[in-house]
Amino acid sequence: MTDPNPQDGRARLVSFSGIDGAGKSTQIETLRDRLTHAGFRISMLAFWDDVATLTSVREFSGHTLFKGEKGVGSPTKPVNRRDKNVRSWYMTIVRFGLYFLDAISLNLVVAERRRAGADVIIFDRYLHDQLANLNLGSAMGRMYARLLLAITPQPDVAYLLDADPVQARERKPEYPVDFLHQSRATYLALSKMGGGMTVIPPLPVAEAAQRVLEEIAKKLSLGELQRFSMSPQTIASEPKPS
C-alpha cells in the first residue's frame with residue numbers, strides 16, 4: 001500500500017482562487033475532509049488573515065476613503081464593497097507596493113508552516129488573487145505579475161474555480177456584475193501566464209469537487225487518495241459549508 005504522506009518530506013501547497021462567489025469555501029472544506037480521512041496532516045491558511053500585510057490600512061481605505069460597506073454579502077443581505085474594484089493609476093502604484101510586501105510575507109508564512117510538519121497546506125486564496133486585481137492588459141502589469149510569481153513559492157496545485165459572474169453574484173452579492181466579468185477575464189488571463197493554474201470550469205458542486213480530487217491525485221501522485229475519491233452523488237449528499 002502506498003504511504004499517503006508526501007515521500008520527500010516537503011509539505012505540498014494547494015491553493016484555491018477565483019472570483020467572489022465561485023464556491024471556494026465549499027471546495028476547500030470538501031478537499032480538507034477527504035485528505036484528512038486519507039491520513040494527511042492538513043494546515044489551513046487564509047491569504048487575507050494569515051499572509052496579507054497592512055490589512056487594517058486596506059480596510060480603512062475601503063470603508064472610509066472609498067465609502068464601501070463592511071461585512072460579507074449574502075443573498076438576503078447584499079453588501080456594496082469598494083476596495084479591489086477601485087481602479088485608478090494611483091491605486092495601481094499602491095497595489096504594486098502592497099503586493100510586493102505580500103510576496104515577502106508569503107515566503108515567510110510558507111516556510112514557517114512547512115517547518116511545522118504539515119503534509120498539505122491549503123490556501124483559501126493565494127498571490128494569484130492579488131495579481132488578478134492588476135491590469136494584466138498592460139505590459140507593465142504582466143511584467144510585475146511574472147516578477148512576483150517568480151519570487152514566491154508556487155503551489156503544487158493552484159486551482160482556479162471558474163464561475164459565471166451573474167450566478168456568483170447571486171451567491172455572494174458584494175461587487176457589480178461588470179466588475180466580476182472583468183475580474184473573471186483577468187483570472188483566466190493569469191492562468192495562461194505561466195502561473196501553473198488548474199482551471200476548474202463552472203460545474204455543479206459535486207462534479208467540481210470530483211474534478212478537484214482527480215487533479216490533486218494526478219498532480220501529486222498520492223496513490224492513497226484514489227481510494228477516497230467520492231462519486232458526485234455521495235459528495236452532493238454532504239452538508240455544504242456556507
Does the side chain of [Y] come within less than 4.5 Å of [X]'s, by heavy atoms?
X      : Y      : value
Pro155 : Val14  : no
Arg114 : Leu13  : yes
Met143 : Arg146 : no
Asp50  : Phe123 : no
Tyr159 : Ile216 : yes

Do you know which two heavy atoms are closest between [X] and [Y], and how far apart they sit?
X      : Y      : result
Ser25  : Asp124 : OG-OD2, 4.4 Å
Ala132 : Thr186 : O-CG2, 3.3 Å
Asn107 : Ala103 : ND2-O, 2.8 Å
Pro201 : Arg211 : CD-NH2, 3.7 Å
Met193 : Ala145 : CE-CB, 3.8 Å
Asp129 : Phe16  : OD2-O, 4.0 Å

> Are Thr152 and Gln154 close enough that a side-chain donor and a side-chain acceptor fall under 3.5 Å?
Replying inline: yes
> Any luck finding a side-chain donor-acceptor pair between Arg184 and His181 under 3.5 Å?
Replying inline: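 Side-chain D/A pair, Arg184 to His181: absent.
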Using a strict threshold of under 4.0 Å (side-chain N to carboxylate O), is an ion pair present between [Y] and [X]?
X      : Y      : result
Arg125 : Asp20  : yes
Arg58  : Asp102 : yes
Glu29  : Arg32  : yes

Answer yes or no: is there a donor N or O on one side and an acceptor on the other, between the side chain of [X] and the main chain of [Y], under 3.5 Å?
X      : Y      : value
Thr30  : Thr26  : yes
Ser138 : Asn135 : yes
Lys24  : Ile19  : yes
Arg142 : Gly137 : yes
Glu207 : Pro202 : no

[atom1] of [X] to [atom2] of [Y]: how many Å apart, nearest 0.5 Å?
X      : Y      : atom1 : atom2 : value
Ile28  : Ile42  : CD1   : CD1   : 12.0 Å
Tyr126 : Leu149 : OH    : CG    : 9.5 Å
Met44  : Arg113 : CE    : CZ    : 10.5 Å
Thr92  : Asn133 : OG1   : CG    : 10.0 Å
Arg95  : Leu131 : CZ    : CG    : 12.0 Å
Gln130 : Ser17  : CD    : OG    : 9.5 Å

> Among Ile200, Thr198, Leu188, which one satisfies side-chain contact (heavy atoms from CB on, under 4.5 Å) with Leu160?
Replying inline: Leu188
Group every Ile, Leu, Val, Met, Phe, Trp and Tyr by side-chain heavy-atom contacts under 4.5 Å, then state whether [X] and [Y] land in the same group.
X      : Y      : result
Tyr99  : Trp48  : no
Val177 : Tyr187 : no
Leu98  : Met140 : yes
Leu134 : Ile104 : yes
Met197 : Leu147 : yes

>> Between Gln27 and Val205, is the side chain to side chain contact (heavy atoms under 4.5 Å, CB included) condition met? List the steps.
In response: CA-CA 8 Å; Gln27 297 303 329; Val205 172; 3.9 Å; yes
> Using 30° and 60° as the class limits, which term best fits the ring planes of Phe96 and Tyr144: parallel, tilted or perpendicular?
Replying inline: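 Answer is parallel, since the angle falls under 30°.
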> Which word best sums up how the rings of Tyr175 and Phe179 line up, parallel for under 30°, tilted for 30 to 60°, or perpendicular for over 60°?
Replying inline: tilted
